[in-house]
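Below is one structure, written out as structure tokens, with a few remarks after it.
Residue numbers start at 1 and run along the sequence shown.
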Amino acid sequence: MYDYLIGQFVERMTDDDIDRFAKQNGITLTKEEICIFSTYIKRDWRTLVHGNPRKIFDEVESKLEPATYQKMIELYRYFKEKYQNYL
């Protein structure tokens with residue numbers, strides 16, 4: 001059930017949603033970075049939610065500013081822990 005809801009949310013997610021979320025968390029993204037996040041989230045959300053995302057993070061690291069990458073990791077860990085009981 002949760003996978004269906006997450007999948008529907010991800011499918012409808014826009015670049016503006018990504019930008020707004022980033023700004024709410026103190027991150028300013030370039031258009032390229034928004035595109036990167038959009039691509040990886042839409043393609044790999046199941047791995048990000050249920051699997052080991054290390055390979056994804058390694059790929060993304062060289063494409064983002066170091067501060068943006070670090071904040072992404074922090075937010076991922078925070079939300080993964082916060083919602084772990086639902087996944």
Side-chain angles (χ1 to χ4, degrees):
M1 170 83 168
Y2 291 118
D3 274 4
Y4 175 77
L5 295 173
I6 294 167
Q8 290 297 306
F9 177 81
V10 168
E11 188 176 304
R12 293 183 179 127
M13 184 177 57
T14 66
D15 289 353
D16 288 337
D17 295 329
I18 293 170
D19 191 39
R20 189 173 22 261
F21 177 81
K23 286 179 181 172
Q24 289 171 347
N25 288 281
I27 305 169
T28 302
L29 298 175
T30 65
K31 289 184 187 234
E32 287 178 23
E33 289 173 327
I34 292 169
C35 183
I36 291 165
F37 279 111
S38 178
T39 300
Y40 278 89
I41 291 169
K42 289 183 178 192
R43 186 184 69 203
D44 298 318
W45 71 266
R46 285 180 183 85
T47 301
L48 293 165
V49 171
H50 299 296
N52 181 354
R54 184 76 248 157
K55 182 179 175 185
I56 297 165
F57 292 163
D58 289 345
E59 286 179 33
V60 170
E61 184 174 16
S62 64
K63 299 176 182 183
L64 302 174
E65 292 293 320
T68 302
Y69 176 79
Q70 187 59 41
K71 185 67 174 181
M72 177 202 70
I73 295 294
E74 290 171 15
L75 288 170
Y76 174 81
R77 288 179 180 153
Y78 171 78
F79 285 108
K80 182 78 172 182
E81 184 176 317
K82 181 176 181 175
Y83 294 106
Q84 185 173 17
N85 292 334
Y86 300 102
L87 304 175

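For D16, the side-chain hydrogen bond (donor to acceptor under 3.5 Å, both in side chains) criterion is met by no residue, not counting sequence neighbours. Partners of Y76 under the side-chain hydrogen bond (donor to acceptor under 3.5 Å, both in side chains) rule, at least two apart in sequence or in another chain, do not exist in this structure. For the side-chain hydrogen bond (donor to acceptor under 3.5 Å, both in side chains) test, residues two or more places apart in sequence or in another chain that qualify with E59 are Y40. With sequence neighbours excluded, no residue forms a side-chain hydrogen bond (donor to acceptor under 3.5 Å, both in side chains) with S62.
The 12-atom threshold is exceeded at CZ of F79, counting heavy atoms of other residues, nucleotides or ligands nearer than 6.0 Å. Within 6.0 Å of atom CD in Q8, more than 12 heavy atoms from other residues, nucleotides or ligands are found, so the atom counts as buried in its surroundings.
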Enumerate donor-acceptor pairs with a distance under 3.5 Å from any side-chain N or O in residues 42-56 to protein atoms, sequence neighbours excluded.
{"residue": "K42", "atom": "NZ", "partner": "M13", "partner atom": "O", "Å": "2.9"}
{"residue": "H50", "atom": "NE2", "partner": "D3", "partner atom": "OD1", "Å": "2.6"}
{"residue": "H50", "atom": "NE2", "partner": "D3", "partner atom": "OD2", "Å": "3.4"}
{"residue": "N52", "atom": "OD1", "partner": "R54", "partner atom": "N", "Å": "3.0"}
{"residue": "R54", "atom": "NE", "partner": "D58", "partner atom": "OD1", "Å": "3.1"}
{"residue": "R54", "atom": "NH2", "partner": "D58", "partner atom": "OD1", "Å": "2.9"}
{"residue": "R54", "atom": "NH2", "partner": "Y69", "partner atom": "OH", "Å": "3.2"}

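Atom CD of residue E65 and atom CD of residue Q70 lie 13.5 Å apart, to the nearest 0.5 angstrom. With rounding to the nearest 0.5 angstrom, the CD1 atom of I18 is 7.5 Å from the CD1 atom of I34. The CG atom of D15 lies 12.5 Å from the CD atom of E33; values are rounded to the nearest 0.5 Å. In this structure, I36 CD1 and I41 CD1 are separated by 11.5 Å, a value rounded to the nearest 0.5 Å.
Between Y86 and Y83, the ring planes lie tilted relative to each other; the angle falls in the 30° to 60° range.
In terms of heavy atoms, D17 sits closest to T14 at OD2-N, 2.9 Å.
Between Y78 and N25, every side-chain heavy-atom pair lies at or beyond the 4.5 Å cut-off.
For residues 67-87, the set of pairs meeting the salt bridge (Lys or Arg N to Asp or Glu O under 4.0 Å) definition, not counting sequence neighbours, is empty.
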